[in-house]
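Inspection log for the structure reproduced underneath, given as structure tokens.
Residue numbers begin at 1 in each chain, while the letters A, B, ... track the order of the sequences. Source: prediction; values computed, not measured.
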2 protein chains.
Amino acid sequence: MAEFPKPKSMVDQIYISLSNAITSGALEPGCRLVEQELQKDFGVSRAPIREAIRLLEADGLVVVDAYKKKHVRNLTREDLVDNIPVLASLESLAARLAAARITKKQIDELDGINREIQQAFSEGNFAKCAELNFAFHRVFLQVADNKALHRAVRSIVKSTLWLWLASQYYKNSATIPSSIEEHEQILQAFRRKDVHLVESMVREHIENVLERFLKQSKFDTEGIYLFGGTKGQPRLASPEN
Amino acid sequence: MAEFPKPKSMVDQIYISLSNAITSGALEPGCRLVEQELQKDFGVSRAPIREAIRLLEADGLVVVDAYKKKHVRNLTREDLVDNIPVLASLESLAARLAAARITKKQIDELDGINREIQQAFSEGNFAKCAELNFAFHRVFLQVADNKALHRAVRSIVKSTLWLWLASQYYKNSATIPSSIEEHEQILQAFRRKDVHLVESMVREHIENVLERFLKQSKFDTEGIYLFGGTKGQPRLASPEN
DNA sequence: CCTTGACTGGTTGTCGACAATCAACATATA
DNA sequence: TATATGTTGATTGTCGACAACCAGTCAAGG
């Protein structure tokens, strides 16, 4: 029997669309989410849209102001700084758990991804680098095989680091070689099955990556991260798919 | 000007009520959440109830089965096991951050709470012990002063460890003295400002606490945690407040 | 000039009703 | 009897409409 992709509910689809629109920067931080407009954009009634927005709110991607208007969340420098040690802790835990059970094949897979990053970098394809970077970290999250951990990491990445993804594309290319080098060292530690070394290296790697990013980021006077485009005006989420 | 408690929205109130009902065990794991019934219980229409349930779903307190019916989540032994290292990592991070900035006054506050736990234990008031235990850990989460961390811990505690709270009340009393002792040692490490020691002690403490609990917990043949009452039948959340 | 109150347009909150789906039972057909 | 096909009741998904609320404007009154 052929496998069909299970049809997703209206709410899920809207949630995913909006989620992508926010994390990709198509909907800029601070811009409003008006139910009536989204209703027209998606061609559905307000109920499923409200539910989708509530989910985004729970994720921290959307905030509600004093007068209950919904906005795409603005991230401050402090938000980013706060997230650094948390993500570093979680990823290093993932590394520790993964180190105890990783197979040769999986190490080779990591190695392959790292080579692909190098390749993409030499071709100037920085977007692909960012993508592969996420893939690299996803692998040992999977190897760690801990649902609670997976969930926690995803929550952090989703709620706060989406702007990292969005900016990586066009400006952080200078930091990529360091990442590749650190990945290589982590791989060697995995090969040696040195659990403690892996753990501390991943912690440092994550801290390095985020701090490098932090240095290169621009914040306005209120400490709010700025995207490239004009601010404040709501832009549509193109209902892809 | 006197400070008024800001009135909460319908959805928030329903969310809190249901959340409490689940974490307290009033709504047992596996039991269904039927919108029509809740509609009657709360005396509102289905829209806000649906949104509240969606939030519970995002929290992991409610799951949707293959036929879209909503159930209070059943926790397996694996869920608990997965959460142990994650919470241990996060709390030890909190301890590390807190150790760097904790004041004498705050250490005394922790000391006071620990004494209160001891007092409550000697009076046989185990529910109060559980409550104070949470308070103890809340303090250094606050001292750590990291929103991302706070959020991550809260998410873990809320999504999975609610049953710990629910069971602590009536059976885990034997583990309390060990907790008190470990708290005491952590306090001494704080006083010495020994960051590394605090960090490792808190990690071990959390692992100990959860593992002690795990040993004393009962799971049925499918690994599903059992509460005291009858199973399967939905019970009402008393709309407190 | 300042305050107050009424009106307006825009937005979110809530509701009742209908459509779609599914489990369970009943019925028909071989 | 065994399988296939309606039918029913329960439950969730979606919708359009109305109520509540707020910012902004404007006019009346002091």
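Judged as a salt bridge (charged side-chain N to carboxylate O under 4.0 Å, His left out), and not counting sequence neighbours, the contacts of B:Arg73 are B:Asp79. With sequence neighbours excluded, the residues forming a side-chain contact (heavy atoms from CB on, under 4.5 Å) with A:Asp12 are A:Lys8, A:Ser9, listed by chain and number. Under the side-chain contact (heavy atoms from CB on, under 4.5 Å) criterion, B:Asp82 pairs with A:Asn146, A:Lys147, A:Ala148, B:Glu78, sequence neighbours left out. Remark: B:Ala135 engages B:Ile113, B:Arg138 in a side-chain contact (heavy atoms from CB on, under 4.5 Å) (not counting sequence neighbours). Remark: A:Arg203 pairs with A:Ser89 by the side chain to side chain donor-acceptor pair (under 3.5 Å) rule, at least two apart or across chains. Scanning for side-chain contact (heavy atoms from CB on, under 4.5 Å) contacts around A:Gln36 gives A:Val34, A:Gln39, with sequence neighbours left out.
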With the criterion being N/O to N/O and under 3.5 Å, what pairs connect the protein with nucleotides 6-11 of chain C, and how long is each?
{"from": "C:dT11", "atom 1": "O3'", "to": "A:Arg32", "atom 2": "NH2", "distance (Å)": "3.1"}

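To the nearest 0.5 Å, atom CG of residue A:Asn74 and atom CD of residue A:Glu28 are 10.0 Å apart. Separation of atoms OG (A:Ser17) and CD1 (A:Ile22) is listed at 11.0 Å; rounding is to 0.5 Å.
By the 4.5 Å heavy-atom criterion applied to side chains, B:Thr23 and B:Leu61 are counted as neighbours.
Across residues 46-64 of chain B, B:Arg46, B:Ala47, B:Pro48 each have a non-hydrogen atom less than 4.0 Å from an atom of DNA chain C (numbered order).
Protein atom CE of A:Met10 is 13 Å distant from nucleotide atom P of C:dT21, rounded to whole Å.
Here side chain to side chain donor-acceptor pair (under 3.5 Å) pairs that include residues 45-66 of chain A, with residues two or more places apart or in two chains, are A:Tyr15-A:Asp59, A:Glu35-A:Arg46, A:Glu35-A:Arg50, A:Arg50-B:Glu51, A:Glu51-B:Arg50, A:Glu51-B:Arg54, A:Arg54-B:Glu51, A:Asp65-A:His71. Pairs passing the salt bridge (charged side-chain N to carboxylate O under 4.0 Å, His left out) check and including a residue from residues 85-97 of chain A, sequence neighbours excluded, read A:Arg96-A:Glu199.
An angle of 10°, rounded to 10°, separates the two end axes of the helix from C:dC1-D:dG30 to C:dA30-D:dT1, each defined over five pairs.
In this structure, A:Ala52 and A:Ile14 approach most closely via the heavy-atom pair CB-CG2, 3.7 Å. Between B:Leu33 and B:Leu27 the shortest heavy-atom distance is CD2-CD1, 4.1 Å.
Here the range on DNA chain D touched by chain B, meaning any atom under 4.0 Å from one of its heavy atoms, is D:dT11 to D:dT14.
Taking side-chain N and O atoms only, B:Tyr67 has a distance below 4.0 Å to OP1 or OP2 of C:dA23.
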